[in-house]
Amino acid sequence: MTLSATQSRYEAEVVRQWSAHPADGAHDLGHLRRVWARAKLIAMDEPCDLEILLAACIFHDLVNLPKSHPERARASTLSAEAACHFLRLDAFPEAKLSAVGHAIAAHSFSAAITPMTTEARVLQDADRLEALGAIGIARMFHVSGAMGGGLFDAEDPMALQRPRDDRAYALDHIETKLLKLVDTMQTAPGRAMAIERADWMLSFRTRLLFEIG
């Protein structure tokens, strides 16, 4: 079976499992497909097992808990367990299941699990690229709004006279977390893409500050 056909089958399973708890707009099928597409690009310079990588990319957010959920740090581990359960029933090679589970568990920033395989490093980079650049800006404002946060502090948007608070103001999230992702990239191509996207985010912020005066 081709990777494309396998991807479609995996996506159908994700949709089925998400049906009980619909994914938010920042974690939807589009996100999974972009992560897979970016992972394939990175894998051109970081050879790895594409069968493992595809499963890890499509199932990495299978259990998607809100950022405010007390179990949020365990979401990737829960996703790994759920994914491996499905894959075992789907006749996925048993010898590769642990690699899929590790890649999924290690992709999460909040889980703080060190990626030990090439597939895990590629997935982590591909997923973190989603938090940078234009798509990163879009997802940042979407998630902040869903959690009740504002766009920015109108009196002090750059937090020059106050502590940064990315739960209250979306714009603060660029400094508190997103720009820091560049230094966490695990692969050379991932890091190059992250630097370019981070530069774009800073350009966007400059333009935003200009427009709001």
Side-chain angles (χ1 to χ4, degrees), residues 1-15 17 23 26-64 73-133 135-136 139 178 180-198:
M1 185 173 291
T2 66
L3 286 177
S4 179
T6 301
Q7 178 182 349
S8 296
R9 190 172 74 257
Y10 288 175
E11 288 182 1
E13 178 61 18
V14 170
V15 171
Q17 294 204 33
H27 299 86
D28 54 9
L29 282 180
H31 167 65
L32 304 182
R33 290 166 180 167
R34 289 190 301 271
V35 168
W36 169 231
R38 204 62 53 204
K40 285 188 290 184
L41 281 179
I42 295 172
M44 293 176 68
D45 291 312
E46 300 284 336
C48 58
D49 188 317
L50 291 183
E51 187 176 30
I52 292 172
L53 188 61
L54 170 61
C57 286
I58 300 302
F59 290 123
H60 77 276
D61 281 333
L62 192 55
V63 177
N64 180 38
R74 295 191 62 240
S76 65
T77 300
L78 296 174
S79 292
E81 293 172 356
C84 287
H85 176 72
F86 166 77
L87 290 169
R88 185 171 284 110
L89 297 177
D90 197 53
F92 191 86
E94 185 71 29
K96 297 182 179 183
L97 278 176
S98 62
V100 174
H102 170 66
I104 293 174
H107 91 272
S108 170
F109 185 89
S110 55
I113 297 172
T114 301
M116 302 301 293
T117 65
T118 303
E119 293 83 14
R121 290 189 286 271
V122 170
L123 171 57
Q124 188 180 100
D125 278 10
D127 184 64
R128 292 185 182 185
L129 285 169
E130 279 279 285
L132 297 168
I135 191 66
R139 296 173 83 231
L178 302 186
K180 296 176 181 178
L181 293 178
V182 175
D183 290 332
T184 73
M185 303 305 282
Q186 298 287 321
T187 69
R191 184 177 180 82
M193 286 185 270
I195 291 172
E196 187 275 333
R197 291 188 179 206

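Heads up: numbering here begins at 1 and tracks the sequence.
With contacts defined as side-chain heavy-atom distances shorter than 4.5 Å, the pair Phe92/Tyr10 qualifies. Residues His60 and Ser79 fail the side-chain proximity criterion, which asks for heavy atoms closer than 4.5 Å. Using a 4.5 Å cut-off on side-chain heavy atoms (C-beta onward), Glu51 and Val100 make no contact. For the pair Thr187/Asp45, no side-chain contact is recorded, criterion being any heavy-atom separation below 4.5 Å from C-beta on. You'll find the side chain of Lys96 stays beyond 4.5 Å of the side chain of Leu87, heavy atoms only.
Between the OG1 atom of Thr184 and the CG atom of Leu181 there is a distance of 5.0 Å, given to the nearest 0.5 Å. Taken to the nearest 0.5 Å, the OG atom of Ser76 stands 5.0 Å off from the CD1 atom of Ile113. In this structure, the separation between CZ on Arg191 and CD1 on Ile42 is 13.5 Å, given to the nearest 0.5 Å. With values rounded to the nearest 0.5 angstrom, Ile58 atom CD1 is found 4.5 Å from Gln7 atom CD. Atom CD1 of Ile104 and atom CG of Leu62 lie 7.5 Å apart (nearest 0.5 Å). A distance of 11.5 Å separates CD1 in Ile52 from SG in Cys57, rounded to the nearest 0.5 Å.
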From CA spacing to verdict: side chain to side chain contact (heavy atoms under 4.5 Å, CB included), Met185, Leu129: CA-CA 9 Å; Met185 303 305 282; Leu129 285 169; 3.9 Å; yes
Would you sort out whether His31 and Val35 count as a side chain to side chain contact (heavy atoms under 4.5 Å, CB included), showing the intermediate values? CA-CA 6 Å; His31 167 65; Val35 168; 3.5 Å; yes
So Arg38 and Asp127, salt bridge (Lys or Arg N to Asp or Glu O under 4.0 Å) or not? Walk me through it. CA-CA 8 Å; Arg38 204 62 53 204; Asp127 184 64; over 6 Å; no
For Arg33 and Glu11: C-alpha separation, side-chain torsions, deciding distance, then whether salt bridge (Lys or Arg N to Asp or Glu O under 4.0 Å) applies. CA-CA 9 Å; Arg33 290 166 180 167; Glu11 288 182 1; 2.8 Å; yes
Go through the steps to decide whether Arg197 and Ile135 satisfy the test side chain to side chain contact (heavy atoms under 4.5 Å, CB included), and finish with yes or no. CA-CA 9 Å; Arg197 291 188 179 206; Ile135 191 66; 3.7 Å; yes
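A salt bridge is absent between Glu46 and Arg121; no separation between the charged side-chain nitrogens and carboxylate oxygens falls under 4.0 Å.
In this structure, Gln17 contributes its side chain and Val15 its backbone to no donor-acceptor pair below 3.5 Å. Remark: the backbone N or O of Ser4 is paired with a side-chain donor or acceptor of Ser8 at under 3.5 angstrom. Remark: the backbone N or O of Asn64 is not paired with any side-chain donor or acceptor of Asp61 at under 3.5 angstrom. Arg139 places a side-chain N or O within 3.5 Å of a backbone atom of Ala26 that can act as its donor or acceptor partner. Although no hydrogens or angles enter the test, the distance criterion places no donor-acceptor pair under 3.5 Å between the side chain of His102 and the main chain of Ala99.
Looking at every heavy atom in both residues, Arg128 comes nearest to Phe109 through NH2-CA, 3.3 Å. Among all heavy-atom pairs drawn from Pro47 and Thr118, the shortest one is O-CG2, 3.6 Å. Residues Ala126 and Ala39 share a closest heavy-atom pair of CB-N, 3.7 Å. Across all non-hydrogen atoms, the minimal contact from Gly101 to Ala80 is O-CB, 3.4 Å. The minimum heavy-atom distance linking Val182 with Ala198 is given by the pair CG2-CB, 3.7 Å. When all heavy atoms of Leu53 and Cys48 are compared, the pair lying nearest together is CD2-SG, 3.8 Å.
When each of Leu123, Asp125, Val122 is tested with His107 by the rule side-chain contact (heavy atoms from CB on, under 4.5 Å), just one qualifies, namely Leu123.
For an aromatic pair to be called close, the ring centres must be under 6.0 Å apart, and Phe86 with Phe59 satisfies this.
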